[in-house]
Amino acid sequence: MPMIRPFRVSDTEQVSRISDSSLKEDYDTALFYSIYESWNGLFLVAVEDNMVVGFINGLTEANGLSRILMLAVHNDYRYMGIGSALLDNFVSVLSSRGARKVLLEVRPSNLNAIGFYRKKGFRTAGMIRNFYNDGEDGIRMVRDVTRDKVCR
Ligand SMILES: CC(C)(COP(=O)(O)OP(=O)(O)OC[C@H]1O[C@@H](n2cnc3c(N)ncnc32)[C@H](O)[C@@H]1OP(=O)(O)O)[C@@H](O)C(=O)NCCC(=O)NCCS
């Protein structure tokens with residue numbers, strides 16, 4: 001199983017490479033820093049073979065809501081439980097912060113991610129027109145996190 005730990009600034013290059021090869025959006029590294037530095041941000045990485053092989057980040061918002069902004073696993077390390085380990089850890093931390101629901105948006109064309117999120121307990125909660133920069137709509141998916149409540 002991979003080690004899941006908080007993002008460090010020294011991970012930026014590896015995270016950026018995984019993002020560029022896995023996600024359609026072109027994220028500036030400044031965005032990684034701002035999520036990392038934000039008081040309500042959460043940024044975790046998965047380490048395997050002494051390398052960062054995946055990451056997840058997001059924000060806790062008001063009213064018990066949290067949002068996943070990015071989740072990606074290196075192409076050579078997929079279907080090994082790393083995406084699940086990242087998501088499960090992320091949800092546990094959110095739960096300990098009092099989050100009740102976690103939201104995300106995904107492209108309708110990203111059937112892989114939709115399949116993954118369904119397996120992980122997310123359900124479709126609506127469609128957002130022109131959500132992405134290239135005009136593609138976004139599917140909003142949501143999952144309750146109360147069942148992941150952890151003791152502090
Ligand atoms: C989506 C992603 C993070 C999944 O990571 P992963 O490490 O391969 O996922 P896991 O190995 O933990 O898989 C967990 C479960 O989801 C299933 N799953 C994974 N990819 C899937 C797919 N493409 N279609 C259907 N189910 C899938 C696995 O079979 C597994 O099911 P199981 O528990 O019954 O065995 C990875 O495919 C990825 O990085 N995709 C590109 C980036 C992306 O699209 N991110 C989401 C943007 S919103």
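This is a predicted model, so every value here is computed, not measured. Note that ligands are numbered from 1 as they come in the structure, with each ligand's atoms numbered from 1 the same way.
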Inset, instruction - Looking only at protein heavy atoms, identify the closest one to atom 16 (O) of ligand 1 and say how far it is in Å. - result: Phe116 CD1, 3.4 Å

Inset, instruction - Give, for atom CG of Leu44 and atom CG of Leu71, the distance between the pair rounded to the nearest 0.5 Å. - result: 10.5 Å

Legend entry - Check: Leu23 N/O within less than 3.5 Å of ligand 1 N/O: no

Inset, instruction - Would you verify that at least one protein heavy atom lies under 4.0 Å from atom 33 (O) of ligand 1, or report that none does? - result: no

Inset, instruction - Give a yes or no on whether the backbone of Asn40 and the side-chain of Thr60 come within a donor-acceptor separation of less than 3.5 Å. - result: yes

Inset, instruction - Check Met1 against Ala85 and note the closest heavy-atom contact, atom names and distance. - result: SD-CB, 4.4 Å

Inset, instruction - Number the atoms of ligand 1 from 1 as they appear, then name those within less than 4.0 Å of a heavy atom of Asn112, with their elements. - result: 21 (C), 22 (C), 23 (N), 24 (N)

Legend entry - Donor-acceptor under 3.5 Å (Asp28 side chain, Ala30 main chain): yes

Legend entry - Student check: side-chain heavy atoms of Tyr132 and Glu105 closer than 4.5 Å: yes

Inset, instruction - Would you check if the side chain of Ser21 reaches a backbone N or O of Ile18 as a donor-acceptor pair within less than 3.5 Å? - result: yes

Legend entry - Protein heavy-atom partner closest to atom 18 (N) of ligand 1 - residue, atom, separation in Å: Tyr79 CE2, 3.9 Å

Legend entry - Side-chain donor or acceptor of Gln14 paired with backbone N/O of Val52 under 3.5 Å: yes

Inset, instruction - Please could you name the atoms of ligand 1 that Ala72 approaches to less than 4.0 Å, counting only its heavy atoms? - result: 39 (O)

Legend entry - Within-cut-off N or O pair, Tyr77 and ligand 1, under 3.5 Å: no

Inset, instruction - Around atom 12 (O) of ligand 1, find the nearest protein heavy atom and jot down its residue, atom name and distance. - result: Ser84 OG, 2.7 Å

Legend entry - Nearest neighbour in protein (non-hydrogen) for atom 7 (O) of ligand 1: Gly83 N, 2.7 Å

Inset, instruction - May I ask you to identify the nearest protein heavy atom to atom 39 (O) of ligand 1, giving residue, atom name and distance to one decimal place in Å? - result: Val73 N, 2.8 Å

Legend entry - ligand 1 contact on Asn110 by region, counting heavy-atom pairs under 4.0 Å: side chain

Inset, instruction - Check whether any protein heavy atom sits under 4.0 Å from atom 45 (N) of ligand 1. - result: yes

Inset, instruction - Using a 4.0 Å heavy-atom threshold (strictly under), name the region of Arg78 that reaches ligand 1: side chain, backbone, both or neither. - result: both

Legend entry - Subset of ligand 1 atoms that lie under 4.0 Å from at least one heavy atom of Gly81: 10 (P), 11 (O), 12 (O)

Inset, instruction - Output yes when the distance from some N or O of ligand 1 to some N or O of Ser22 is under 3.5 Å, and no in every other case. - result: no

Legend entry - Interfacing atoms of ligand 1 (cut-off 4.0 Å, heavy-atom, Tyr117): 46 (C), 48 (S)

Legend entry - Option with minimal heavy-atom separation from atom 15 (C) of ligand 1, where the choices are His74, Lys119, Lys24, Glu105: Lys119

Legend entry - Minimum heavy-atom distance Leu86-Val45, with the two atoms named: CD2-C, 3.7 Å

Inset, instruction - Taking Asn63 for its side chain and Leu65 for its backbone only, find out whether a donor-acceptor pair lies under 3.5 Å. - result: no

Legend entry - Met80: numbered ligand 1 atoms lying under 4.0 Å from its heavy atoms: 11 (O)

Inset, instruction - Verify the cluster assignment for Ile68 and Val15: are they in a single hydrophobic cluster under the rule of side-chain heavy atoms below 4.5 Å apart? - result: no

Legend entry - ligand 1 to Leu111 polar contact by distance, N or O atoms, under 3.5 Å: no

Inset, instruction - Please determine if Ala113 has a nitrogen or oxygen closer than 3.5 Å to a nitrogen or oxygen of ligand 1. - result: no

Inset, instruction - May I ask you to test the Leu87-Arg143 pair for a side-chain heavy-atom distance under 4.5 Å? - result: yes

Inset, instruction - Specify whether Phe55 and Phe43 have parallel, tilted or perpendicular ring planes, treating 30° as the upper limit for parallel and 60° as the lower limit for perpendicular. - result: tilted

